[in-house]
Protein chains: 2
Amino acid sequence: MSAPLHRTRPAGQGRALPDTQQGMRRRNLSRVMHTVGAEGPLSRAAVASRIGLTRAAVSTLVDELIRSGLLEELGPERPGRVGRPGSALAVSGNGPAGIGAEVGVDHLAVCAVDLRGRVRARAVRHVPNRDRSPEPVLGELTALIHRVLAEAEGEGLWPAGLAVAVPGLVARDARTVVRAPNLGWLDTDLGGLLPPGPPLTVANEANFGALAELWLGEETPRDFLHVSAEIGIGAAVVVDGRLLHGNRGFAGELGHVPVWPDGPACACGGRGCLEQYAGEEAVLRAAGLEPGEDRVGLLAGRAEQGDAEVRRALHDAGTALGIALTGAVNLLDPQSVVLGGALSGVAPWLLPSLRSELARRTTGPACPVTVSALGPEGPLLGAAHSVVRGVLDDPAAVAGRV
Amino acid sequence: MSAPLHRTRPAGQGRALPDTQQGMRRRNLSRVMHTVGAEGPLSRAAVASRIGLTRAAVSTLVDELIRSGLLEELGPERPGRVGRPGSALAVSGNGPAGIGAEVGVDHLAVCAVDLRGRVRARAVRHVPNRDRSPEPVLGELTALIHRVLAEAEGEGLWPAGLAVAVPGLVARDARTVVRAPNLGWLDTDLGGLLPPGPPLTVANEANFGALAELWLGEETPRDFLHVSAEIGIGAAVVVDGRLLHGNRGFAGELGHVPVWPDGPACACGGRGCLEQYAGEEAVLRAAGLEPGEDRVGLLAGRAEQGDAEVRRALHDAGTALGIALTGAVNLLDPQSVVLGGALSGVAPWLLPSLRSELARRTTGPACPVTVSALGPEGPLLGAAHSVVRGVLDDPAAVAGRV
DNA sequence: CTATTTCGTCATGGCGGTTTACAAATTAGT
DNA sequence: ACTAATTTGTAAACCGCCATGACGAAATAG
């Protein structure tokens with residue numbers, strides 16, 4: 001009699017549906033969408049050879065996707081080779097769109113991205129949201145969303161989902177903001193305060209920034225650490241092209257990694273957390289500046305002019321970041337570390353000390369540290385693209401909702 | 001014309017083969033093996049309801065697995081319910097076996113585990129391997145393997161694979177030991193020095209220990225951090241039931257996380273690494289003891305007797321571990337932290353300071369820290385079981401090699 | 001102008017799970 | 001005891017999905 005010794009599910013089959021032919025079909029539809037989306041206009045034959053199915057099979061898949069409005073036939077390819085030219089297929093520019101929204105500390109932004117990855121509508125509003133209650137903020141955001149929605153629908157797009165980036169911790173349900181220090185929000189369910197209709201996903205802006213880096217960045221390693229500093233210092237861990245969420249969804253709290261364990265007390269209860277040395281407030285204080293509007297721009301400006309005090313503050317922040325990242329890199333062995341968000345603006349003065357600290361403390365070739373090319377747009381684009389990816393990942397789910 | 005904006009592959013489809021019916025069949029065979037293995041003897045009907053296929057489909061899958069010798073029919077179940085009793089199915093006890101081996105600093109061990117998870121043969125030899133060259137060590141290991149192999153074959157088992165746990169860093173090819181400080185091995189390919197035949201997998205002993213914890217531990221969270229201290233201090237990160245390897249396969253180097261960045265210089269080039277405070281040598285030194293045989297037992301004994309110096313040394317090591325783990329927990333938000341390997345022996349004196357440090361420095365409920373129940377057997381069992389899991393994960397691959 | 005190559009499609013077939021039906025084996029009820 | 005109800009395992013017919021092979025279409029090469 002065999003005892004139940006193998007207690008855990010096989011890796012990666014966490015929620016695998018029963019493996020039936022319909023599931024197979026759905027996955028293959030997804031493969032077609034992904035390859036066409038990733039490698040530009042392609043003929044059916046080209047898609048077939050790339051995903052390993054036959055031309056006949058791809059034909060039926062493509063037919064279904066065209067009927068659903070997710071794929072478009074662009075017409076005959078201009079051939080350079082022998083043989084009959086293929087008919088170019090492209091992801092539809094007039095089908096579903098991903099609506100991304102961002103609640104920043106001093107702005108609100110919304111955009112619509114089509115399946116091709118193009119931003120088709122956008123709306124931004126500068127509003128100081130610090131310590132403002134959720135209702136009015138989300139009311140204004142809803143207005144912006146409706147504006148973008150109207151614009152997008154005018155172009156033939158329809159919303160496949162709404163993703164909202166917030167500067168705070170989000171619960172696993174992807175709807176409730178557990179804590180957003182700079183907004184002063186606690187346990188706020190955004191579900192009821194936003195337009196009904198499109199499926200809602202709320203996540204940390206650092207996470208969406210990391211996904212934007214993964215999907216849109218210049219180089220796209222599948223294992224990296226994305227560090228951003230809008231609120232405190234957040235990191236997002238991407239493993240094998242997937243975000244690491246953690247048990248409660250709180251993974252990536254780099255700001256409270258101990259750097260000098262006997263250092264100044266931190267709001268989190270600890271001492272000497274990274275935020276005490278490289279957080280926005282700490283850096284401003286060390287630089288002898290007052291907190292205020294556009295603080296990063298101020299820092300960058302002064303550093304550019306050669307202000308020794310500012311440069312020294314940024315140098316020290318880089319050192320602290322380097323120490324904290326040494327721990328993270330030792331633990332995760334990522335392909336690279338990417339600095340995003342506000343950090344990208346001051347990167348030139350942060351990087352030297354950061355890199356040398358990291359190199360000094362790790363054996364072998366140091367983990368490369370790069371700066372995100374997306375700048376402050378990352379989280380918003382990541383949010384919108386997350387919806388688009390959802391469509392590519394399971395086109396069949398969306399096809400019924402046209 | 002749509003530009004190639006979606007550059008990355010869909011998450012989790014890194015190496016997905018073309019999704020064809022044969023792949024479906026293989027995955028379903030795996031599902032059957034996993035459910036029967038995990039939930040003891042089951043009837044075809046019970047399996048069907050669990051994996052969501054029909055009884056008819058499961059019948060054909062089971063037939064194939066029985067023909068391949070991977071499943072056994074135990075006979076009619078004793079029924080408590082109405083209806084025709086099912087025929088109990090169990091994973092075969094006389095089919096393929098996983099051979100696990102361990103190269104320790106002062107011992108060699110080999111065991112054979114059948115598909116039911118039972119250890120069916122074992123051989124251990126105490127040998128001081130410190131700074132001994134690979135050839136003689138692996139020669140002796142090969143002899144032990146042959147002994148275990150003979151014993152297992154006598155019981156009707158055949159080796160489906162050989163997995164070797166080593167105290168060092170292993171390259172991504174899972175054959176070459178890049179660096180094993182305590183053995184003094186550098187860039188050693190174990191491929192040619194071990195018995196040919198069964199497919200070989202070499203990995204860090206901490207990783208295998210973590211897998212053992214995942215597969216055999218009392219509680220089995222799917223996201224946890226497994227900390228062990230055979231050589232230096234290694235951690236293994238398990239995310240969603242899967243080991244995190246990292247880019248070069250070096251993930252989990254907890255020993256070189258900076259704890260007090262201005263502390264004593266470390267061999268790695270850094271300063272104040274965890275190993276300087278909680279490594280075996282450091283703790284022995286702080287306790288006023290000389291390095292020697294069975295050092296952990298010595299420490300535990302003295303601590304038990306109430307030796308103040310030893311207790312203080314362990315207390316301080318716990319504090320350092322707590323600081324390093326604070327960083328790791330903040331970054332990964334695991335369900336729990338498990339202390340394994342040599343650490344389990346001294347855990348009683350390590351835990352109080354470790355836990356309090358961790359609790360003090362993290363907000364919300366602290367991440368639970370537990371001690372592995374597997375003790376020093378973990379890596380060996382994990383190695384053997386990794387082979388067994390490989391069979392459960394793809395029974396079709398092994399069925400042909402009977 | 002013909003041979004060659006490649007593309008897209010159609011008809012056929014094989015494979016895999018589902019559906020439906022049914023016999024076998026047990027319990028529950030009278 | 002005997003029947004009704006329930007559950008199991010299997011067999012036959014069916015449907016969906018991809019593979020195979022053949023074909024016409026549309027380009028290039030000679």
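Only a predicted model underlies this, so the values are computations on that prediction, with no experimental measurement involved. Throughout, protein chains are lettered first and strands after them, A, B, ... in sequence-line order, and every chain is numbered starting at 1.
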- prompt: To the nearest angstrom, how far is Asp19(A) atom CG from dT18(C) atom C1'?
  reply: 15 Å
message: Run the salt bridge (charged side-chain N to carboxylate O under 4.0 Å, His left out) test against Glu153(A) and tell me which residues pass, sequence neighbours left out.
response: none
- prompt: Within this structure, what is the CG-to-P distance between Asp63(A) and dC18(D), rounded to whole angstrom?
  reply: 13 Å
- prompt: With sequence neighbours excluded, what pairs up with Glu151(B) under the salt bridge (charged side-chain N to carboxylate O under 4.0 Å, His left out) test?
  reply: none
- prompt: What is the distance from CZ of Arg27(A) to C1' of dC18(D), rounded to the nearest Å?
  reply: 14 Å
message: I need the full list of salt bridge (charged side-chain N to carboxylate O under 4.0 Å, His left out) pairs touching residues 74-97 of chain A, with sequence neighbours left out, sorted by first then second residue.
response: none
message: Whole angstroms only, please: what is the CG-C1' distance between Leu61(B) and dC15(C)?
response: 13 Å
- request: Assess whether side chain to side chain donor-acceptor pair (under 3.5 Å) is satisfied between Asp393(A) and His34(A), documenting all intermediate values.
  value: CA-CA 8 Å; Asp393(A) 283 344; His34(A) 269 287; 2.6 Å; yes
- prompt: Just how far, in rounded Å, is P of dC15(C) from CD of Glu64(B)?
  reply: 12 Å
message: I need the CG-P distance between Leu53(B) and dT10(D), as an integer number of Å.
response: 16 Å
message: With a 4.0 Å cutoff (strictly under), does any side-chain N or O of Ser59(A) reach OP1 or OP2 of dT9(C)?
response: yes
- line: Taken to the nearest whole Å, CG/Leu89(A) to P/dC7(C) is 12 Å
message: Using whole Å, what does the distance between atom C1' of nucleotide dC18(D) and atom CG of Leu29(A) come to?
response: 13 Å
field: Set of side-chain hydrogen bond (donor to acceptor under 3.5 Å, both in side chains) partners for Ser92(A), sequence neighbours left out
entry: Glu72(A)
- line: salt bridge (charged side-chain N to carboxylate O under 4.0 Å, His left out) filter on Asp394(A), not counting sequence neighbours, yields Arg26(A)
- prompt: Does anything in residues 51-71 of chain B pair up under salt bridge (charged side-chain N to carboxylate O under 4.0 Å, His left out), and if so which pairs, sequence neighbours excluded?
  reply: Arg25(B)-Glu64(B)
- prompt: Taking 4.0 angstrom as the limit, do Arg27(A) and Asp19(A) come out as a salt bridge?
  reply: yes
message: Is Asn28(B) close enough to dG16(C) that one of its side-chain N or O atoms is under 4.0 Å from OP1 or OP2 there?
response: no
Please tabulate, one pair per line, all N/O donor-acceptor pairs under 3.5 Å involving side-chain atoms of residues 43-54 of chain A, not counting sequence neighbours.
from     : atom 1 : to       : atom 2 : distance (Å)
Ser43(A) : OG     : Ala46(A) : N      : 3.1
Arg44(A) : NH1    : Glu73(A) : OE2    : 2.8
Arg44(A) : NH2    : Glu73(A) : OE1    : 3.3
Arg44(A) : NH2    : Glu73(A) : OE2    : 3.3
Ser49(A) : OG     : Ala46(A) : O      : 3.1
Arg50(A) : NE     : Ala46(A) : O      : 3.4
Arg50(A) : NH1    : Glu39(A) : OE1    : 2.4
Thr54(A) : OG1    : Ala57(A) : N      : 3.3

Between N or O atoms, less than 3.5 Å apart, protein on one side and nucleotides 13-16 of chain D on the other: list the pairs.
from    : atom 1 : to       : atom 2 : distance (Å)
dG16(D) : N2     : Gln21(A) : OE1    : 2.8
dG16(D) : N2     : Gln21(B) : OE1    : 3.3
dG16(D) : N3     : Gln21(A) : OE1    : 2.8

- line: Protein-proximity profile, nucleotides 19-30 of chain C, B/S/- by nucleotide at the 4.0 Å heavy-atom cutoff, equals B---BBBBSS--
